[in-house]
Every structure is written in C-alpha cells, then in structure tokens.
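Below: the structure, in structure tokens.
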Amino acid sequence: MLTNLIVFILASIIGSEVISKVPQTLHTPLMSGSNAISGITIVGALVVAGMVGDPWAMYVGMAALIFATTNVVGGFMVTDRMLQMFKKKE
Amino acid sequence: MKQNIIDIAYLVSAIMFIYGLKRLQSPATARKGNQLAAMGMLVAVAATLFVQQILTPAQMLIGVVVGGGFGAILAKRVEMTGMPELVAAFNGFGGAASALVAGAEIARFLAPNAADLMGGAVMGGIDAITISLSILIGMVTFTGSFVAFGKLSGRISGNPVIFPGLRVISILFMLGAIASMVYMEMGAGDFSVAGFVSDPVVQAALAIAVIGAVLGILLVIPIGGADMPVVVALLNSYSGLAAAATGFVLDNTALIVSGALVGASGLILTNIMCEAMNRSLFNVLIGGFGGDSDGAGPAGAVSAEGLTVNSTSADDVAILLSYASKVIFVPGYGMAVAQAQHAVRELAEELAKKDVEVKFAVHPVAGRMPGHMNVLLAEANVPYDQLFEMDEINGEFETTDVAVVIGANDVVNPAARHDKASPIFGMPILNVDHAATSIVLKRSMRPGYAGIDNELFYNTNNQMLFGDAKDSITNVINEVKAL
C-alpha cells in the first residue's frame, strides 16, 4: 500500500513537470491522448475478466474490457487524426 | 520470475507514456509521441495477456474486438467540431471501466472459489477503501462525462440547471457515499456465501455506484456552456484518478503510474482554464455562470444605455483588410458554431497574397475545451506557427491595423480590465481594442456567455459586421478577390 502511494506521488510529479510545458495549441490532443492512456484500466479488465471461475466477475470484467478498449483504441486513433493536421507553413 | 517480467514490462510502458507525453511539448514531435504512448499501451496489454498466462477465452477476444471496433468507428467518423463531446464521451468510458473493474474485484472476493482465485486472500479494510473509491470516482466520471457530452452536443440545454437545495442534496449524497464506505469497511472480510445481493459488501458497492452516478450528474448540470473547458479538463483528471484508484485495488503499478500521469495532466489543464477566466475552481463548480447564447435574437444596434454601434458591410471590411499591413484574427466559439474555420483560412490566404501580415490570437478558454480553436484551425490547414497564445500576441495589437473578432465575445471585453462591477472583472483578455480598427463578426447584439454587454462594440474605432460568420467571411473573400 505504501509503495503504491509512493509510486502514485512520484508519477504525479513527473506528470506535472512534463505536461506543464505542453503548449496551448496542443491542449486538445493532450487531453484525448492522456485520456487514452487512462484507458490503461484495460489491463485491470484483462486481469479480472481473464481469471475465469466466477461468472459474475467475468460478466462485469467483460463489460469493463469493452469500455476500456473503446477508450484506448478510440482515444489514440482520434489523437493521431488530430495531430496529423498540425502543420508548419510550407 | 513471471511477476518480475510483468513488472519490467509495466515499467517499460510507463516510460513510453512519459516520453510520449513529453513529445507533445512540440507540434513537430507530437504525433510520434502519441504513437509511442500507444505502443506503451500495447506493451502493457501484451505483458498482461501472455506472460501472466491469463486464460484467453473467446469472450476476452470478443471484448477487445467489440470495444476496439466501436472506438475506431467513433474516432474515424467524428467531425473536428464534434471533438469536445467525443473527448467527454471517452472520459466517461474510462470512468465506467474503472468502476466495473473494481466491481468485478468484489465479485472475485465473493466467489465460492475465492480461495483459489485470490490465493487465499480475504478482502481487508484497505481493499474496502480502494474498491469503494474506485467505484465512486469511476461512476462520477461516467455520468458527469455523459452529461457534459449531452451539453456539448446540444442534446441537453447548455444553460446551467440550478434548483433550490441543489447544493444541500449534493452534500447529502457525499455523506451517503462516506456512510456506504464505512458500511463496506465493516462488512469486509466476513462474507455470507449464502446470498450475493444480500451481502453487505455488495449492497454497499451498489449504493456507492448509485450515489456516484447521481453526484456526477449533479456536478455537471449547474455548469454553463462557457465553463465547459474547465469541466472537460476536470473530468479528464477524474478519469485518470479513477484508473489510479483501480491500480490500488489490483495492486497494479501500470494503472497507478498512468492514472497519476493523466490525473496530473487534467489538473494542470483545469488550473490553466481557471486562471484564464480569473475564477477559482470552486467558483466554477458552484455553477450558474452563463449558458448558451448568441443564438437567434433581434439584431439591434442600440444598447440599453442608448450607446450606438457602427455597423459595416462586407465590401468596406474587404477594403480595410486589403490595405492593412497587419491583421490579427481572434476566433471564438461562434466560429465553431458557424463552421467558418475554412472560410477564415481562405481569407487569411487571400490577404497574405496582398502582402498583409496575418496572425491568429487564441484565448485559452475560447471554445468548449482546452485548445478547441487550435484544432479547428489546424483542420482548416492554418499552419500552427500563425497561431499565437494570449501572452505572446497581446503586445502586438498596438501595431495592428485591423483586429477581426470572429464569434468571440467575453474574451475581448475591455470591461474585464477596469469595471470592478463586471462579472468578468480581472479576467485576462485579448487587447483587441488596442488595434487601430476592430471588426466584430456577430449574429446579433445579444450578449456573450457571461450575459453582459461588451464595451468593445461601442468603441468609435470598432465596426460590427452582422450576420452568420461563415456567410460574412465568404462575402468578404469575394470582395477582396474583386479588388
């Protein structure tokens, strides 16, 4: 538990340092991209849904898996689509 | 050994997330950064699947295909103007997933064969806290995001919805959530195998889920359209915190690290948005500030105090712009509504042909989400080195011949500088009034989101071009070409 908390705090600090330097122009892609990263819950969903044994755990885990995959795949794809449009003057 | 490999894989993916986000610091490297983060996700998923030898039943494959396909369709189909609501919806999916994973974890603790599944572990007090927090944050994110989605896509009114006792009810629900957590805490470790729904832990979990869902709705309905950038950023942060909370539930570092990164990112954006409006987060969350406006309404040219505005025409604007040496465009939400971004780009190009220096000034809270205007202009092929942030460009208005305001209002209201009675007093604004001439494209004289009159419109060097922004710009382009 304490280790987890330490990891959480350190990661938050790294996140703040990295993200505070992102320019305003990229705030929307930052949001959708970081949102896709938060779809990391997919890993949790896989663990829970994969450990078959209890039907309830599986159903709920399955639903979680669908939501999380939508989040991850959609999030990264739409971010890519947006970033592709940001061009310098030729 | 196996656990070590997984942990190393999670470390690798965390590093890829961090460097992926770092590359978002410049538009030139941003796309690679996003791809790197996506690869990081692949590493985390692959490690979980293959190394841990989780059984891979058909259902799991179905889950990935259904979810992935759905996400891909949404991502491909969405119009750039629909981006705010899509981001809100994705936040909601993330929140729902976190809440569900925590729910599934309870089901595993409760299963008759729990001893095998959990390696003999029983649900302890800490488990109860992390699980209930994960469900609560996840559900608040889920329903809050979908209310935001409804408001942004126009399915629900963008006006703030406030009724007497709203705050009292919210506080009562928060207390209810705490009570349910205590209830779960007391029930933890002692399971009645007899009934699933009659188990106190399950009852508490369901109660927390319902309370979280209601709280999410109550949190977002009082907030008006103009404050949406703050809400979208805040929900983004919640979706990260929900993932981190799930990481605590599962003792999974990948979830904790990524969740923390996203949580921090959302909080920073929230903070930037609040500062750009000179309001505290608390003040925004209380809500009731500004709704949808600038819709239909009588176009009048006389204010309540009897001040008059100068109305102008497309050909006059065309002459003014063509003979200027420097023009700054100031886009706002009205440009998004009128879908005028392509016309604006064309006008900018026509002016550039006539050796006019053209720049774009973007206020941090213009639009409905952080960076909204930048995405629209990028879609219309405006190079990003023509877009300038408020602090970079504000000094340049002094030397600008014409500032063209397209569908922006409160962010260019000089009252924010000096009128202490104004609700937007102290909000940093774009100094459009410092330009030699300002032109405001607007559908009518209706006030902006803050519901207040804009002093700029009554300045002697300001001219109003009434009408739909897209039509007006198209007319101006034709006149410029004809010159």
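Quick note on labels: first sequence line is chain A, next is B, and so on, each numbered from 1.
Using a 4.5 Å cut-off between heavy atoms, B:Asn91 touches chain A through backbone and side chain atoms alike. For B:Leu86, the part lying near chain A is the side chain, with the backbone staying farther off; criterion is any non-hydrogen pair under 4.5 Å. Looking at B:Ile272, the atoms closer than 4.5 Å to chain A (heavy atoms on both sides) all sit in the side chain, from C-beta outward. In this structure, the portion of B:Leu250 lying under 4.5 Å from any heavy atom of chain A is its side chain and not its backbone. Proximity to chain A is limited to the side chain of B:Leu269, based on heavy atoms less than 4.5 angstrom apart. If you measure heavy-atom distances from B:Val232 to chain A, the contacts under 4.5 Å come from both the backbone and the side chain. Contacts between A:Ala36 and chain B at a heavy-atom distance below 4.5 Å involve the backbone alone (N, CA, C, O).
Screening residues 56-82 of chain A for salt bridge (Lys or Arg N to Asp or Glu O under 4.0 Å) gives A:Asp80-B:Arg31 as the qualifying pairs, with residues at least two apart or on separate chains.
Rounded to the nearest 0.5 angstrom, B:Ser237 OG and A:Met31 CE are separated by 12.0 Å. Atom CD of B:Glu392 and atom CD of A:Gln24 lie 8.5 Å apart (nearest 0.5 Å). A distance of 9.5 Å separates CG in A:Leu65 from CG in B:Leu61, rounded to the nearest 0.5 Å. The CG atom of B:Leu387 sits 5.0 Å away from atom OG1 of A:Thr25, with the distance rounded to the nearest 0.5 Å.
Between A:Phe67 and B:Phe142, the ring planes lie perpendicular to each other; the angle is over 60°, past the 30° to 60° tilted range.
Closest approach of B:Ala254 to A:Ile40, counting heavy atoms only: O-CG1, 3.9 Å. Taking all atoms of both residues into account, the shortest heavy-atom contact from A:Ile37 to B:Ala37 is CD1-CB, 4.0 Å.
Judged as a side chain to side chain donor-acceptor pair (under 3.5 Å), and not counting sequence neighbours, the contacts of B:Glu349 are B:Arg345.
Between chain A and the residues B:Leu261, B:Val87, B:Val375, the largest count of heavy-atom pairs under 4.5 Å involves B:Val375. For the set B:Ala38, B:Pro27, B:Ala243, the count of heavy-atom pairs under 4.5 angstrom toward chain A peaks at B:Ala38.
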